[in-house]
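Have a look at the structure below, then the notes.
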Amino acid sequence: MVPYGYKAAALMFYSLVAFIAASKDDKGKVSEVQETERHPRESQLNLREVVFVIQSQRNSFHAQRAQRLQADLLLQAEALQESLPAILLLHTLSENEGDWSILPLLPYLSSHFGKNSSWVLFLEEETNVNLGKLHNILKKFERRNEWFLGKSLHDDESTIIHHYAFAENPSAFKYPDFSAGWALSMPLVNRLSNKVQEQPLKSDFTIDLKHEVALYIWDEGKGPRLTAVPELCALPEHSPQAQRCATTVNTHSPLCGEPVKKEAIFVAVKTCKKFHTERVPVVKKTWEKQAAHLEYYSDHADPSIPTVDLGVPNTDRGHCGKTFAILKRYVSGAVPKTDWLLIVDDDTLISLPRLQALLSCYDPTEPVFLGERYGYGLGQGGYSYITGGGGMVFSREAVLRLLSSGCKCYSNDAPDDMVLGMCFNSLRLSVTHSPLFHQARPDDYARDFLAHQTPISFHKHWNIDPIAVFHKLRQVVPEIF
């Protein structure tokens, strides 16, 4: 029995498939028997045997991007005179918050498609697909075997975001770049589904999904490693090098009109007395000048910076009390009224112009809570949250709904980002993920992963020169950063 309420989404999808199929012109159509006789090798895999899962989100901007990709795939299948494949939007499949972490979704995929399908292909919203080339690639693999296909990434050094896995040789373990698309053969999906059902997923953290999915599949050597497929690419669609590619990537820095004005963003920097002379000067030398409205919030009022003492003592662990005091101040009239609130740590490096461009895609009248998404206990009905170090962006509407709900910290030193995640989850408001925010340093991410990004933020100053890192990032797209 599959614990998901997918029936409505499935009915909508198959209604769309039936509508498009009925609209085909049958003139000149080659029968399946004739096609088999003419192309016996090509007939070994039909596109209807491939299930596409677009890793979509509920926010209106992201939902529209996913729907455009879905429509494009259906049109390509029609042009190829192929039976229309199942193309699922992840955010419509159920109300389960953990679906984005993929593993809880496997029992549904196995139950609904395990007998009549050969592959499950996962795509991100910004992935472009050449369906004909992709079809030719998948035909090369014996689909009765267990396969895990993708564009491989690896760590150059062991990193905290991967729990220092493979510390002796971090480059030995390969994991997929989700932007390029990744695929599981159905025998592997079916086995993993049984494993998920028989051995409930642990209630721990989901930090870097692509790495953690690869670890789960590998299963300490008992499962398959990632097979690198060169034609699954993270190159721009119109790059000369992309001619061989079955998948390419749209820009990771969408611009949906004019960037929002810097006056529309209020920036709150969390600091404390012991970092006034260490971290605050870095902010002042780098990105402070990009802000129209900015305040530093501390446990000590220092007029030389200046800082605002919120009356909340500094804590060595979480900063929930301080963050909720910032949220209340934001809507109190004590600061300029803006559409957006950005809360960052004093050791966050961020490009406000890039953030202004990104926010052009979002509606501030919606309850938007944006940043790098993490998860806690997603396999056991947990919740998602925006990790604080990379920066947390709130629409004014999100702050108003949060505060009016009465949700609050259970202690001043509770982890603010996780408490916020629990609050939004209780309000049935999804957090919105952007891969352009980063909780860690540039060195903590695979170089090929960052190569097709225009990053908005990084976090932590240890073992780096933060000012040099900031200026190096500016050189990538100097007119923006």
Side-chain angles (χ1 to χ4, degrees), residues 57 59-62 64-65 126 250-270 280 282-297 305-308 323 326-346 348-372 386 388 390-403 429 431-438 453-459 470-471 473-481:
Q57 301 187 67
N59 175 270
S60 60
F61 164 64
H62 292 279
Q64 290 167 10
R65 293 181 88 192
E126 65 271 7
N250 285 325
T251 174
H252 270 281
S253 298
L255 181 62
C256 304
E258 289 295 318
V260 303
K261 296 183 181 301
K262 64 181 181 179
E263 291 79 11
I265 305 172
F266 184 84
V267 183
V269 182
K270 295 186 300 180
V280 170
V282 174
V283 178
K284 288 185 170 293
K285 290 178 182 178
T286 54
W287 59 269
E288 183 199 71
K289 62 181 71 72
Q290 299 173 344
H293 307 298
L294 181 147
E295 285 187 341
Y296 295 90
Y297 296 106
I305 293 176
T307 60
V308 176
T323 295
I326 292 171
L327 295 172
K328 292 173 183 177
R329 180 176 172 85
Y330 174 68
V331 299
S332 70
V335 301
K337 184 176 180 180
T338 63
D339 290 336
W340 300 99
L341 169 66
L342 167 66
I343 299 180
V344 293
D345 293 346
D346 53 9
T348 300
L349 297 171
I350 192 163
S351 168
L352 295 184
R354 291 181 182 177
L355 177 60
Q356 290 169 237
L358 178 65
L359 289 180
S360 69
C361 298
Y362 297 95
D363 183 351
T365 65
E366 295 180 3
V368 180
F369 184 28
L370 172 69
E372 183 180 15
I386 298 300
M392 299 183 290
V393 181
F394 306 77
S395 65
R396 175 170 287 273
E397 178 64 19
V399 177
L400 291 171
R401 290 203 195 183
L402 174 68
L403 294 178
L429 298 176
V431 305
T432 301
H433 172 68
S434 170
L436 304 180
F437 297 81
H438 301 89
Q453 286 194 351
T454 308
I456 286 176
S457 70
F458 290 104
H459 181 228
F470 181 81
H471 289 299
L473 289 170
R474 288 186 66 188
Q475 294 170 9
V476 177
V477 187
E479 73 276 10
I480 297 180
F481 204 93

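We number each residue from 1, following the sequence as shown.
- The OG1 atom of T348 sits 9.5 Å away from the CE atom of M392 when rounded to the nearest 0.5 Å.
- Taking 4.5 Å as the limit, every side-chain heavy atom of F437 sits out of range of all side-chain heavy atoms of V344.
- Taking the six-membered ring where tryptophan is involved, the planes of H438 and F458 are essentially parallel, since the angle between them stays under 30° and well short of 60°.
- Shown here are the ring pair (Phe, Tyr, Trp, His ring centres under 6.0 Å) partners of F394, two or more places apart in sequence or in another chain: F369.
- Panel note: side chain Q57, backbone H433; a donor-acceptor pair is recorded below 3.5 Å.
- Residues F61 and C256 are in side-chain contact: their nearest non-hydrogen atoms beyond the backbone lie under 4.5 Å apart.
- Between I326 and K270 the shortest side-chain heavy-atom distance falls below 4.5 Å.
- Here the side chain of S457 pairs a donor or acceptor atom with the backbone of G390 at under 3.5 angstrom.
- Counting only N and O atoms by type, the side chains of H459 and E372 include no donor and acceptor under 3.5 Å apart.
- One distance of note links OG of S434 with CG of N59; it measures 11.0 Å at 0.5 Å rounding.
- Here the CD1-CG distance, from I350 to D345, works out to 10.5 Å after rounding to the nearest 0.5 Å.
- Checked by atom type and distance alone, the side chain of S395 pairs as donor or acceptor with a backbone atom of E366 at under 3.5 Å.
- Residues that satisfy the side chain to side chain donor-acceptor pair (under 3.5 Å) test with T338, not counting sequence neighbours, are Y330.
- One distance of note links CG of L358 with CG of L352; it measures 12.0 Å at 0.5 Å rounding.
- Between D339 and R396, none of the side-chain N atoms (NZ, or NE/NH1/NH2) sits under 4.0 Å from a carboxylate O, so this pair counts as no salt bridge.
- In terms of modelled atom types and a separation under 3.5 Å, the side chain of Q356 and the main chain of V260 share a donor-acceptor contact.
- Qualifying side chain to side chain contact (heavy atoms under 4.5 Å, CB included) partners for K285, counting only residues two or more places apart in sequence or in other chains: I467.
- To the nearest 0.5 angstrom, F470 atom CZ is 6.5 Å from S351 atom OG.
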>> With side-chain contact (heavy atoms from CB on, under 4.5 Å) as the criterion, how do Q290 and K262 come out once you've worked through the C-alpha distance, each side chain's angles and the decisive distance to 0.1 Å?
In response: CA-CA 8 Å; Q290 299 173 344; K262 64 181 181 179; over 6 Å; no
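- Between L327 and L403, the shortest heavy-atom contact is O-CD1, 3.7 Å.
- For the residue pair Q453 and P435, the shortest heavy atom distance occurs at NE2-O, 3.0 Å.
- For the residue pair A268 and Y297, the shortest heavy atom distance occurs at CB-CE1, 3.4 Å.
- For K284, the NZ atom counts as densely surrounded, since its 6.0 Å shell holds more than 12 non-hydrogen atoms of other residues, nucleotides or ligands.
- Minimum interatomic distance between S360 and E258 (heavy atoms only, all atoms of both residues): CB-O, 3.4 Å.
- Side-chain contact between I265 and V393: absent, with no pair of heavy atoms (C-beta onward) separated by less than 4.5 Å.
- Of the options I386, L436, V431, L359, a side-chain contact (heavy atoms from CB on, under 4.5 Å) to L370 is made by L359 and by none of the others.
- Note that the CD atom of E295 and the CD1 atom of I305 stand 12.5 Å from one another [nearest 0.5 Å].
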